[in-house]
Amino acid sequence: MTSLPKIYDPQEIEGKWYQFWQSNDFFHAESTSDKPSYAIVIPPPNITGSLHIGHALDNTLQDCLIRWRRMQGYNVLWMPGTDHAGIVTELIMERKLAEEGSNRNDLGREKFIERMWQWKEDSAGYIVSQLQKLGCSCDWERERFTLDEGLSEAVRTAFVKLYNQGLIYRDTYMVNWCPMCNTAVSNLEVEPIEIDGNFYHIHYPVIDSDVVLEIATTRPETMLGDTAVAVHPDDERYQHLIGKKVLLPLCDREIPIIADEYVDTEFGTGALKVTPAHDVNDYEIGLRHSLEQRTVFTPDGNMNEDAGDNYVGLSRWDCRQKVVEDLEKGNYLVKIVPHRHAVGHHDRCNTIVEPTISLQWFMNVRPLAQRAIEVTKKGEVKFIPERETNRFFHWMENIEPWPISRQRWWGHRLPIWYCQDCDKVIAAMDTPEQCECGATEFHQEEDVLDTWFSSGLWPFSTMGWPNETDELNTFYPTSVLVTGWDILFFWVARMIMLGLGCMDEVPFRTVYLHGLVADEKGQKMSKSKGNSIDPLETIETYGTDAFRFALANASTPNPYVPLPESQIESGRRFANKVWNAARFIMMNLEKYPLPANTQTIEQHVPLEVQWIQSRLSNTIKAATDAMENFRFYEVAQTLYAFLWHEFCDWYLEFAKQRLTKDEPYALWVAADVLEQMMRLLHPLMPFLTEEIWQQLPHGGNNKLADNNTSVTIAPWPKHTTENPTAETTMATVMEVIDNIRSIRGELNVPIGASVEVHIQAPNAEIRERLETYLEQYLPAFTRVDGITIAESLPKPPSSAEAVIGELTIYIPLAGVIDFEVEQTRLTKRLQQIDKDVAAAENTLKNKNFIERAPENVVEQKKDLHERLLIEQKKLKRSLLMLTST
RNA sequence: GGGCGGGUAGCUCAGGUGGCUAGAGCGACAGCCUUACAAGCUGUAGGUCACAGGUUCAAGUCCUGUCCCGCCUACCA
């Protein structure tokens with residue numbers, strides 16, 4: 001007997017196969033090959049991170065594509081690697097340092113970086129091992145890291161290139177400043193979050209007048225940096241005041257009243273305090289009117305000297321409170337009105353950002369964005385789902401300069417050198433030898449690049465750029481990029497722009513943007529919300545394959561994909577079902593070993609074999625089609641439905657029946673179908689399918705597939721031809737069986753009791769087929785004593801009845817049948833039929849329908865109508881007979 | 001303010017270009033240890049496809065409007 005355990009135990013199986021695949025180099029891509037190329041670059045996870053649910057989904061889908069294309073015979077590259085992830089990683093390190101009672105300034109830059117690298121070395125393997133646990137078939141020999149030497153060279157090369165093209169420049173401009181991280185951040189990194197705040201209405205007295213101007217602000221502390229008050233030029237209320245001055249309360253400064261169209265007369269009081277150094281709009285107004293930019297905050301969010309002696313040193317928030325108190329004391333405060341509004345928070349540390357004027361490095365992304373739009377319109381990049389294309393265009397059309405410098409330490413220092421003597425700015429790969437002025441001393445820019453700059457080069461930097469490599473020739477542009485839609489702008493857009501800028505070619509042909517995993521309430525799963533599933537725990541409990549199947553099965557085109565526990569449980573049950581189907585087949589193969597060639601054994605192929613082969617072919621076609629269109633949900637559904645509800649529920653039951661008669665042919669076909677199913681299922685469930693595939697008899701005389709060493713490199717099944725006749729016949733057989741079962745169930749016929757079945761089949765062809773097959777098939781599904789099939793039959797007394805088109809089934813149930821139950825059953829059915837008949841009649845009565853609808857649709861409708869009529873007539877007659885009894 | 005996605009069975013979702021009697025998984029109910037699987041098998045119940053119009057021979061599917069829910073985006077101080 002076979003040693004297969006009754007219940008599938010993933011922990012037993014999963015460990016060994018990854019090793020096996022690795023040691024056989026199945027995941028290794030050839031730099032040059034005659035095969036067509038297929039490449040995906042992994043969205044590099046943070047080096048210090050751990051696998052979360054988003055990674056699990058993203059990488060499962062990628063692995064599905066990769067394994068599928070590999071089986072299809074492509075030269076497949078899945079480029080793996082990790083990201084240094086700039087600020088996030090630094091923040092985690094800072095937290096660690098704080099626990100040790102230290103901080104990054106105590107350590108100093110050099111020691112801090114050293115510490116970061118050390119930590120990176122320690123945790124480097126962690127995320128990789130987790131990806132391997134998930135089954136990811138990456139080409140690990142090629143693993144890269146955004147801060148490794150090669151990628152750093154790529155970063156410098158790209159920077160210098162873009163600098164020389166004038167696309168990268170240094171400028172003093174208003175940027176979002178994070179007082180916590182002490183760095184500039186880009187707009188994308190600022191998340192507007194609604195908070196409850198106040199509108200503070202303040203009186204600004206007009207000089208040489210008894211008029212006071214009432215202004216409203218949500219940030220009273222910024223008034224210390226006010227350098228004007230603005231009104232709308234057409235605002236009649238304030239016409240006479242334009243050009244005058246107000247005395248800024250608490251500051252004893254006189255500031256002008258100016259007119260600017262930006263001011264909304266409807267909003268607040270129609271008078272706007274202008275703080276050019278601390279608000280983007282005020283900044284613009286300030287530029288238009290040449291106002292002083294008065295900075296009152298320090299970089300870490302406290303008040304500086306320019307805030308005045310009363311406030312210097314206070315935090316932003318303490319200062320607000322004190323300003324309000326002082327205003328009240330001075331009788332300047334009119335009122336405080338609660339006001340809910342969106343305030344920008346740094347997405348990495350959740351600190352409220354401070355718009356601040358500072359000297360930063362920017363990239364002018366407009367020209368590249370324009371090219372990106374053009375090539376996308378030409379179809380060189382395709383977004384799936386299509387709706388994402390519009391989001392992409394909208395963003396690209398309104399794109400603003402990208403601030404790329406960060407006042408941080410962990411990352412790529414800008415390849416910019418300043419001459420010690422003349423301050424000349426030089427962009428170069430390495431420290432320059434000599435400046436034009438003759439000086440030879442330089443210092444490198446302290447700032448590092450936004451982490452997305454290096455990830456933006458990922459599709460080609462990982463393949464050796466700026467060197468001309470075989471990898472680039474073979475795999476660039478890559479085939480697909482798979483990621484969540486939430487980083488379309490952060491990453492995908494930048495890769496496209498930088499790809500065009502550096503390679504003069506898009507980085508990928510297709511962008512597949514999958515949904516974000518949500519909980520059962522539709523909320524995005526995230527660690528911070530505490531509603532997240534831990535992939536590794538899930539894998540422990542349910543097994544990797546069950547988890548992967550659930551993820552694929554959840555991947556509908558929706559922007560949020562709920563993954564309830566029950567879905568994973570369902571994956572586990574499916575894995576177990578597959579396991580047991582295999583177990584059944586292999587157990588029986590021991591008794592009936594596969595012959596050398598199964599094809600010639602049976603001259604007369606039984607119906608159920610024709611049927612299952614036709615269904616399999618159909619399944620192959622559907623699964624392949626769904627894969628090609630990134631419809632992972634459909635792949636999972638298709639394979640699940642076929643394997644469980646056709647192969648197991650029906651075919652294996654037929655095969656059992658054959659085995660009881662010592663006819664093993666159907667079993668051998670079952671083995672063949674199973675083998676192909678393992679190949680179809682392999683991209684979704686790599687471990688389970690490998691285990692079963694390996695255990696199936698291969699090679700020698702028992703040759704099922706080509707004598708490959710692993711299902712990983714076995715060919716993807718090809719669909720053959722469907723067999724509509726077999727499918728229709730089997731459908732009728734199944735319907736007959738279903739009806740008998742249903743009658744037995746509803747009329748409570750005891751399980752052990754056998755019944756007689758009388759079938760009236762007017763059509764000779766159908767009758768003949770039923771005569772051939774029913775007798776063989778029925779016993780496997782329901783207890784039957786005898787079957788009578790005839791052109792016309794009388795209804796036996798006390799019998800239950802079912803109608804299938806022109807077929808009528810009678811089951812004599814004298815002594816068993818409960819007339820009332822049977823009456824209810826038939827009445828219910830009749831009511832449904834009446835409704836359907838009426839609907840069909842309505843349609844057919846319509847002349848326009850007959851004239852305008854396609855012929856086949858009309859035919860179908862007529863057919864349906866006829867079938868319904870017959871059934872209706874029979875049901876009515878039966879009911880009559882019942883009630884008259 | 002603009003834009004996008006969604007509202008189909010108790011729950012989570014499928015239903016490419018309109019056309020079989022609207023489906024699945026989970027859950028519920030009833031009955032089965034039928035030796036591959038009780039993580040299973042069999043049967044049953046459950047839907048005015050958000051609402052109102054319109055186009056069409058035909059609408060869950062297309063159009064318009066309304067109401068909810070979610071998201072993205074925007075400088076209303």
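Residue numbering restarts at 1 for every chain, and letters A, B, ... go by the order of the sequence lines.
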Donor-acceptor contacts, no H, no angles, side chain residues 269-279 of chain A, under 3.5 Å, sequence neighbours left out:
residue: T269(A); atom: OG1; partner: E214(A); partner atom: O; Å: 2.4
residue: T269(A); atom: OG1; partner: A271(A); partner atom: N; Å: 3.4
residue: K273(A); atom: NZ; partner: T222(A); partner atom: OG1; Å: 2.6
residue: K273(A); atom: NZ; partner: D226(A); partner atom: OD1; Å: 3.0
residue: K273(A); atom: NZ; partner: T275(A); partner atom: OG1; Å: 3.0
residue: T275(A); atom: OG1; partner: D226(A); partner atom: OD1; Å: 2.7
residue: H278(A); atom: NE2; partner: V296(A); partner atom: N; Å: 3.0
residue: D279(A); atom: OD1; partner: N281(A); partner atom: N; Å: 2.8
residue: D279(A); atom: OD1; partner: D282(A); partner atom: N; Å: 3.1

What's touching nucleotides 22-26 of chain B from the protein side, N or O pairs under 3.5 Å?
residue: rG25(B); atom: OP1; partner: H645(A); partner atom: NE2; Å: 3.2
residue: rC26(B); atom: OP1; partner: R573(A); partner atom: NH1; Å: 3.3

If you check the [X] side chain, which of [options] turns out closest?
X: K577(A); options: rC71(B), rG19(B), rG40(B); result: rG40(B)
X: N580(A); options: rC37(B), rG19(B), rC13(B); result: rC37(B)
X: A581(A); options: rA74(B), rA36(B), rG19(B); result: rA36(B)
X: F489(A); options: rU73(B), rC37(B), rG43(B); result: rU73(B)
X: C648(A); options: rA36(B), rG19(B), rA74(B); result: rA36(B)
X: N558(A); options: rA77(B), rG6(B), rG19(B); result: rG6(B)
X: L272(A); options: rC75(B), rA36(B), rA77(B); result: rA77(B)

- Between rC37(B) and K6(A), is there an OP1 or OP2 to side-chain N/O distance shorter than 4.0 Å? yes

- Message: At less than 4.0 Å, is any side-chain N or O atom of S742(A) found next to OP1 or OP2 of rU44(B)? Yes or no.
- Response: yes

- So, do Y512(A) and W485(A) have ring centers that fall under 6.0 Å from each other? no

- Message: Centre-to-centre under 6.0 Å for F547(A) and Y542(A), is that the case here?
- Response: no

- Query: Once the angle between the rings of Y8(A) and W579(A) is folded into 0 to 90°, is it parallel (under 30°), tilted (30 to 60°) or perpendicular (over 60°)?
  - Reply: tilted

- Task: Measure the acute angle between the ring planes of F383(A) and F392(A), then classify it against the limits of 30° and 60° as parallel, tilted or perpendicular.
- Result: tilted

Which part of the nucleic acid, if any, lies within contact of [X], taking any heavy atom under 4.0 Å across all strands shown: a base, the sugar-phosphate backbone alone, or nothing?
X: W485(A); answer: sugar-phosphate
X: N846(A); answer: sugar-phosphate
X: R572(A); answer: base

- Item | ring-ring contact (aromatic ring centres under 6.0 Å, His included) involving W177(A) - partner list, sequence neighbours excluded | none

Tabulate below the donor-acceptor pairs under 3.5 Å that side-chain atoms of residues 648-659 of chain A make, not counting sequence neighbours, or state none.
residue: D649(A); atom: OD2; partner: H645(A); partner atom: ND1; Å: 2.9
residue: Y651(A); atom: OH; partner: A666(A); partner atom: O; Å: 2.8
residue: E653(A); atom: OE2; partner: K656(A); partner atom: NZ; Å: 3.1
residue: R658(A); atom: NE; partner: E608(A); partner atom: OE2; Å: 2.7
residue: R658(A); atom: NH1; partner: E663(A); partner atom: OE1; Å: 3.2
residue: R658(A); atom: NH1; partner: Q776(A); partner atom: OE1; Å: 3.2
residue: R658(A); atom: NH2; partner: E608(A); partner atom: OE1; Å: 2.9
residue: R658(A); atom: NH2; partner: E608(A); partner atom: OE2; Å: 3.3
residue: R658(A); atom: NH2; partner: Q776(A); partner atom: OE1; Å: 2.9

- Query: Taking atom types as they are modelled, is there a donor-acceptor pair under 3.5 Å from the base of rC75(B) to the side chain of Y262(A)?
  - Reply: yes

- Message: Stem list for RNA chain B, please, built from Watson-Crick and G-U wobble pairs under 3.5 Å and keeping only runs of at least 3.
- Response: B:1-7 with B:67-73, B:10-13 with B:23-26, B:28-32 with B:40-44, B:50-54 with B:62-66

- Query: To the nearest Å, how far apart are L513(A) CG and rC72(B) P?
  - Reply: 15 Å

- Query: Can the positive tip of R572(A) be found less than 6.0 Å from the middle of the six-membered ring of F549(A), inside 45° of the ring normal?
  - Reply: no

- Quick one: does T732(A)'s side chain have a donor or acceptor within less than 3.5 Å of a partner on T728(A)'s backbone? yes

Where do N or O atoms of nucleotides 28-35 of chain B meet protein N or O atoms at under 3.5 Å, pair by pair?
none

